[in-house]
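Have a look at the structure below before the remarks.
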Amino acid sequence: MSKELIRLRDLCMAYDDELVLDHLNLYINDKEFLTLLGPSGCGKTTTLRIIGGFTTPASGDVLFGGVRINDVPPHKRQINTVFQKYALFPHLNVFENIAFGLRMQRLPDASGKRRNRLPEEEIRSRVMEMLEAVSLKGFENRRIDALSGGQQQRVAIARALVNRPKVLLLDEPLGALDLKLRKDMQIELKRIQQQVGITFIYVTHDQEEALTMSDTIVVMDKGSIQQIGTPEDIYNEPKNAFVADFIGESNIIDGLMVRDHLVQMYGRQFPCLDGGFAENEPVDVVIRPEDIDIVPVEQGQLTGTVTNVTFKGMQYDIIVDFRGFKWLIQTTDHSPVGARIGIKIDPDGIHVMKKSPYSGMFGDYSSFSDEYDELDVVEPEEGSGDES
Amino acid sequence: MNHKLSRFAVPYVVWMALFVVAPIVLVVIYAFTSDAGGFTLDNFARMGTYAVVFGRSFKLALIATLICLLIGYPVSYVMSKEGPRFQRAAMVLIMLPMWINFLLRTYSWMSILENNGLLNRLFQKTGLIHLYNSLFGTDLSYFPMMNTQGAVILGMVYNYLPFMILPIYSVIVKLDGSLIEAARDLGADTLSVFRKVILPLSLPGVLSGITMVFVPSVSTFAISKMLGGGTEMILGDLIEQQFLGGAYNPQLGAAISLVMMLIVVVCMVVMNRFGEGEEQAVML
């Protein structure tokens, strides 16, 4: 896409003997919206803090534009951060919060010796410009605690962007907002990123957020990168069972790669598009719930029994038992509990992955209630997120 | 439920009425009463002669408060940056003198500051007095430290310093660390982080510390009596004299008390205004 801006080389980090980052390597392009995605404890926030300069890696290098910046303190990096709970200054009003970074700036004068503050008019015009960009014009004299969660969020973004950083770091910035506002802010953030044309590095555990906004998604678990790719890559071609399970819903079935373009599950052979495996190599097969067609029993490649049906508005989520292994199928046709159904999967609905340490850990909906509930887990709301 | 529970507040209300409200009412009545028992403003008119004492009281209390602030703020700041074990130990050390009776603590300062007390003997042993004499051409056998304003201020600082440290410390230690990170992120170096974020946010603690040191300092009488030797009379001594001393005149004493109380209340209202909107209001 464009040139490399940040490179993380062989980063290691441990807290109390617990490995948080395990030889992490990553490069980040200029003007890219990159998301670090993973469950809590996967090392994504630590990675962000290392880029921001708040945490020093135990080993490894952080390069910025080719220069090693391990020892550069945060206030000297061309990087700004939107903190998880915004960290707005409660003793300053909206204007002064946004102006904070500008007031810290010192410019060398003509001789290059003395360092001058930014002129007040410039501070004023830049803050006002920023307020307009985040649609908070007229709020400049408000106290921070007189703002709603969404407004505070936008002040935090404005406060960071007004400094015209090369990179903006965002640490789960939408976590405290309610669902509707979160969706609006996702689009807003993407728009802002395209407008200012700088690199955004975004940390979240919310796969939907990641898919919506990112140019590149980095899926992390246990301090290691599991997969790097575009949202489409990550969703359609997950590298292992962890990624397949974490991004969207997946049925992950033990299979055998008979030969290129032919995979065997449940003793039956299914044509597929994947290749490049050894003959008869054991594999994990991912089938997304929306890629499964329900057909009459006699036409089905497999037959199973419906054990649970949930109406989801746009579709039914049904759980189907195939010889003890339960699949999730999303369909617009209703099938009653207890019905025998057949299913058909098109070759492009089948994705084959190499076996990994995660094999067998995910992708079965037997423990239906446990795993399925994760879908709808809403993070506990912090404060009110509603616009008033 | 609420109604039932409110019965438990009765002892407190009675206590407050008996020992706080009633005495204040009595002070007010006395202040406006003449010897004979009629209404008068004479008591206030006569206070003019004691303007010096008022001035001295406020001067000494202000100096003591300022010194407490200059010592207390850095101590609180450093403490809050250390680990929890250090913080606990430091807290015990700060509180430790408070476990000893106030008068005993002050008496022990007398034996330290006396003309042939601990400090002077130390100065003699180390030759400091000799050095001073030869430098300034004096002929002292000891430094006179007792019965000076300095001794009174020292007593105030020593006794009330914990009341400065504790509120400041408790505000700084609770400061959201992400605010400091945000400031650094926005380009503030260590000094700017302190000036622009930590200092303004710790102001409520500073204000309540100032109040908690200034109010008892301005009204104390034991400290000035013991360390000032009565030569540096301040308001507390003056009032005591009117009630218990030779100058027996409870009406005048009440009037002085009332004026002092009003001044303190005005000070606190001003302080509260100053810190308005801050999380923690200055408390009495």
Side-chain angles (χ1 to χ4, degrees), chain A residues 45 48-49 51-55 72-93 96-107 115 117-118 127 142-146 152 155-165 167-173, chain B residues 69 73 76-77 80-86 167-211 270-283:
Chain A
T45 297
L48 196 78
R49 289 177 60 81
I51 298 172
F54 300 111
T55 302
V72 178
H75 67 271
K76 291 189 177 147
R77 296 190 182 193
Q78 290 171 296
I79 297 173
N80 285 113
T81 308
V82 176
F83 291 84
Q84 192 162 17
K85 285 172 189 146
Y86 319 140
L88 298 174
F89 303 119
H91 59 297
L92 301 176
N93 65 15
E96 288 302 324
N97 260 281
I98 299 175
F100 192 96
L102 299 177
R103 295 203 191 285
M104 289 298 133
Q105 278 186 28
R106 296 289 179 273
L107 298 176
R115 318 205 111 225
R117 294 162 183 278
L118 286 184
V127 171
R142 285 273 198 109
R143 290 181 56 89
I144 293 305
D145 53 18
Q152 291 187 13
V155 174
I157 293 167
R159 182 179 70 173
L161 284 178
V162 77
N163 304 295
R164 298 178 184 156
V167 178
L168 186 69
L169 308 180
L170 302 104
D171 186 5
E172 308 227 13
Chain B
L69 183 61
Y73 197 99
S76 312
Y77 182 74
S80 68
K81 298 287 153 216
E82 294 291 331
R85 283 187 53 185
F86 180 93
I168 297 178
Y169 164 77
S170 67
V171 170
I172 297 183
V173 84
K174 270 186 275 174
L175 261 185
D176 186 355
S178 70
L179 292 178
I180 293 162
E181 283 191 350
R184 290 207 292 152
D185 184 76
L186 293 167
D189 55 21
T190 312
L191 184 68
S192 302
V193 169
F194 179 77
R195 275 184 38 226
K196 301 284 181 184
V197 178
I198 298 174
L199 191 61
L201 287 176
S202 59
L203 218 55
V206 171
L207 292 183
S208 74
I210 288 176
T211 316
V270 170
M271 294 282 271
N272 265 324
R273 270 289 155 76
F274 193 43
E276 199 156 74
E278 301 293 344
E279 271 175 289
Q280 201 178 338
V282 178
M283 49 198 173

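The structure presented is a predicted model; accordingly, all values stated were derived computationally and were not measured. Here is how names work: the chains are called A, B, and so on, in the same order as the sequence lines, proteins then strands, and each is numbered from 1.
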Residue pair A:L92 / B:P200, side-chain heavy-atom distance below 4.5 Å: no
Minimum side-chain heavy-atom gap A:K85-B:S178 below 4.5 Å: no
Distance, nearest 0.5 Å, that separates CZ of A:F54 from CD1 of B:I180: 11.5 Å
Nearest non-hydrogen partners of A:H91 and B:K196, listed with the distance: NE2-O, 2.8 Å
Engaged part of A:L169 at the chain B interface, taking heavy atoms whose separation is under 4.5 Å: neither
Backbone of B:A183 reached by a side-chain donor or acceptor of A:H75 within 3.5 Å: no
Neighbour count above 12 (heavy atom, 6.0 Å) for A:K76 NZ: no
Proximal component of A:N163, with respect to chain B [non-hydrogen, under 4.5 Å]: side chain
Non-hydrogen atoms of A:L88 and B:L179 that approach each other most closely: O-CD2, 3.1 Å
Most contacts with chain A, counted as non-hydrogen pairs under 4.5 angstrom, among B:G177, B:S192, B:A182: B:A182
More than 12 heavy atoms of other groups within 6.0 Å of A:R117 CZ: no
Contacting moiety of A:R159, where chain B heavy atoms sit under 4.5 Å: both
Nearest non-hydrogen partners of A:P90 and B:L201, listed with the distance: CG-CD2, 3.6 Å
Residue part contacting chain A, namely of B:D189, when any heavy atom lies under 4.5 Å: both
Student check: side-chain heavy atoms of B:E181 and A:R49 closer than 4.5 Å: yes
Close side-chain approach of B:D176 to A:F83, heavy-atom, < 4.5 Å: no
